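To start, the structure under review is shown below, and the notes come after it.
All ligand and atom numbering here is 1-based and tracks the order in the structure. All values below were derived from every heavy atom in this structure, side-chain atoms included, with hydrogens, water molecules and symmetry-related copies excluded. Remember, it's a predicted structure, so these values are computed and weren't measured experimentally.
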Amino acid sequence: MSELNPELVERTAQWIAEAGVVVVFTGAGVSAESGIPTFREARSGLWAKYDPMRLATVDGFLNDPRLVWEWYAYRRKLVREKEPNPGHVSIVELEGWADELTVITQNVDSLHHRAGSTNVIELHGNITRVKCFNGSHVYPDWNDEAGKDVELPPLCEHCAQLLRPDVVWFGEQLPAGALEESFRLAESCDLMLVVGTSGNVQPAASLPAVAREAGARVIEVNPEASEITHTAHFMLRGASGEVLPEVVRELRKRT
Ligand code: BV8
C-alpha cells in the first residue's frame, strides 16, 4: 500500500463521482486475494505439469476428456470454497456513486455475483455451469458430488453427449450477446476501471482501448504493468483488495 499515490486515489474518486456510466472490466487478478490462482498461476500443485492454455481448449478436452473434466471439477471445488474479497465488495459499493455501473468480467468464478454486483457480463462463461458438448442442454450450478461414481465426464441425460464446462475455451467464440453488449458499453461509458488483467486474451482485452478511443477515461488497478497500462490515463499500482477500498473511503469522505 505504501506505493499507492493518494493524489491518484483522489482523482479516481473524482472521476467516479463525475461519471454517469461506469464499466469495471475485471480479470483473474480481482480474485487473487480470494485465494483463486490467476490463470497464469493456475499451474500450481497437482496441475503444475499441465498448461492451462492446452487444457482450456476443445482439442485438449477431446484428447483427454477425463483429465480436462477433473481439472474443472478441481477448480469448481476451489471456487466454491473461496469468498469474494474486499476488491469485489468495493466494486459493489461503487454502484452507489455511479448512475449506471456494469461489471464486465473475464473470470468464470461467480465471485462478482456472490459479492452482490447487480449488472455482471461474463465474457468467458461460468465454471459452475456445465453443458452437453454441442451446447444444447445446460446444467447450472453443477454438483460434482452428486455424480461421484459415474464415468467422467458424465453424459448428458437428454442427448447422451459428453458434458463439458460452460466456459469459453481458446479458439471458441465468446457469447455473442455478451460481447456485443460489452463493446456497446465500452463505446459509450464515461469511465472504465480495468482491474486485475494482464490484457493478453482477445477479444476481451481490446475493450479498454475501445473505451479510450471513444473518449472514456480509463484507470488501471494492478500491482504490475500489463498490456493495458499504455491505454490507461493512469494506474493505481497495488492489489485490488487494498486499492479499491481506499477509493471507496475517498468517495465516502466527499459525501
Ligand atoms: C477467440 C475460460 C476466435 C476458460 C478463458 C492463436 C491460436 C488460437 C487463438 C488465438 C491465437 N492468438 C490469439 C488468439 C485468440 C485467443 C487469445 O487471445 N489467445 C491469447 C492467449 C494469445 N482468444 C481466444 O481464443 C478467444 N476466442 O478468439 O475466438 C474465433 C472467432 C471466430 C470463430 C471462432 C473463434 C477465447 C478466449 C477465452 C479463453 N478462455 N477463460 C478457463 O478459465 O478455463 S481466458 C482465461 O485466461 C481467463 O478467463 C482470463 O480471461 C485469461 C487470463 O487473463 P487474465 O484474467 O488477465 O489473468 P492473468 O493471469 O493473465 O493476469 C492476472 C493479472 O492480475 C495480472 O496482470 C496480475 O498482475 C494481476 N494481479 C495479480 N494479483 C492481483 C492483480 N491485480 C489486482 N489485484 C491483485 N491482487
Side-chain angles (χ1 to χ4, degrees), residues 1 3-4 24-44 47 50-61 67-76 78-79 82 84-91 103-112 121-131 135 164-176 178-180 182 193-208 219-232 235-247:
M1 273 302 287
E3 59 193 90
L4 190 55
V24 183
F25 174 56
T26 66
V30 78
S31 296
E33 290 154 274
S34 295
I36 297 178
T38 64
F39 201 76
R40 297 291 174 282
E41 294 163 356
R43 307 176 63 153
S44 55
W47 302 99
Y50 296 104
D51 177 1
M53 296 292 292
R54 282 183 45 74
L55 294 181
T57 61
V58 171
D59 289 348
F61 179 71
L67 178 79
V68 173
W69 178 269
E70 287 181 331
W71 181 50
Y72 280 91
Y74 156 75
R75 290 171 62 199
R76 250 192 304 276
L78 188 75
V79 157
K82 304 300 182 187
N85 67 64
H88 295 104
V89 175
S90 298
I91 290 169
V103 176
I104 300 175
T105 190
Q106 301 173 84
N107 301 338
V108 296
D109 60 26
S110 296
L111 289 186
H112 286 300
I121 297 176
E122 293 179 319
L123 285 177
H124 295 155
N126 188 301
I127 201 166
T128 62
R129 205 172 47 235
V130 304
K131 63 182 180 183
R164 55 160 283 182
D166 191 8
V167 299
V168 180
W169 278 332
F170 290 99
E172 290 190 312
Q173 283 188 323
L174 278 59
L179 191 60
E180 276 155 28
S182 297
L193 295 180
V194 182
V195 184
T197 183
S198 60
N200 284 315
V201 176
Q202 296 299 346
S206 60
L207 289 169
I219 300 170
E220 181 178 29
V221 176
N222 198 318
E224 55 190 61
S226 74
E227 295 294 318
I228 306 293
T229 306
H230 66 285
T231 302
M235 182 185 195
L236 292 175
R237 190 177 275 268
S240 47
E242 296 172 13
V243 167
L244 293 176
E246 283 298 307
V247 172

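- Ligand-side atoms of ligand 1 in range of Asn200: 18 (O), 20 (C), range being under 4.0 angstrom from any heavy atom.
- Judged by the shortest distance from any of its heavy atoms, Leu174 lies inside the 4.0 Å radius around the atoms of ligand 1.
- A distance-only check finds a donor-acceptor pair linking the side chain of Asn107 to the backbone of Gly27 [under 3.5 Å].
- The residue from Ser31, Pro165, Gly29, Ser206 that puts a heavy atom closest to atom 79 (C) of ligand 1 is Gly29.
- For the ligand labelled ligand 1, residue Gly171 lies inside the 4.0 Å heavy-atom shell.
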Please report, to 0.1 Å, the donor-acceptor pairs under 3.5 Å made by any side chain of residues 199-208, with sequence neighbours excluded.
unit_1 : atom_1 : unit_2 : atom_2 : d
Asn200 : ND2    : Ser198 : OG     : 2.9
Gln202 : OE1    : Ser206 : N      : 3.2
Ser206 : OG     : Pro203 : O      : 2.6

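- Each of the atoms 56 (O) of ligand 1 lies under 4.0 Å from some heavy atom of Gly27.
- Close approach to Glu224 involves these atoms of ligand 1, each under 4.0 Å from a residue heavy atom: 69 (O).
- Distance alone, capped at 3.5 Å, places no donor-acceptor pair between the His124 side chain and the Val108 backbone.
- Within the structure, the closest approach of Glu242 to ligand 1 does not fall below 4.0 Å when heavy atoms are considered.
- Every atom of ligand 1 with a heavy atom of Ala32 under 4.0 Å away is listed here by number and element: 73 (N).
- In summary, the atoms of ligand 1 found under 4.0 Å from a heavy atom of Ala28, numbered by their order in the structure, are 55 (P), 56 (O), 58 (O).
- For the salt bridge (Lys or Arg N to Asp or Glu O under 4.0 Å) test, residues two or more places apart in sequence or in another chain that qualify with Arg164 are Glu172.
- Taking every heavy atom of both residues into account, Met235 and Glu224 meet most closely at CE-O, 3.0 Å.
- Under the side chain to side chain donor-acceptor pair (under 3.5 Å) rule, Thr105 has a single partner from Thr197, Thr26, Asn126, which is Thr26.
- For ligand 1, the atoms closer than 4.0 angstrom to any heavy atom of Met53 are 21 (C).
- Residues Trp71 and Ala56 approach most closely at CZ3-N, 4.0 Å, considering heavy atoms.
- The backbone N or O of Asn85 lies less than 3.5 Å from a partner atom in the side chain of Ser34, making a donor-acceptor pair.
- Of the options Gln106, Glu172, Glu227, Gln173, the smallest heavy-atom separation from atom 32 (C) of ligand 1 is shown by Gln173.
- Atom numbering of ligand 1 starts at 1 in the shown order; those under 4.0 Å from a heavy atom of Arg75 are 42 (C), 43 (O), 44 (O).
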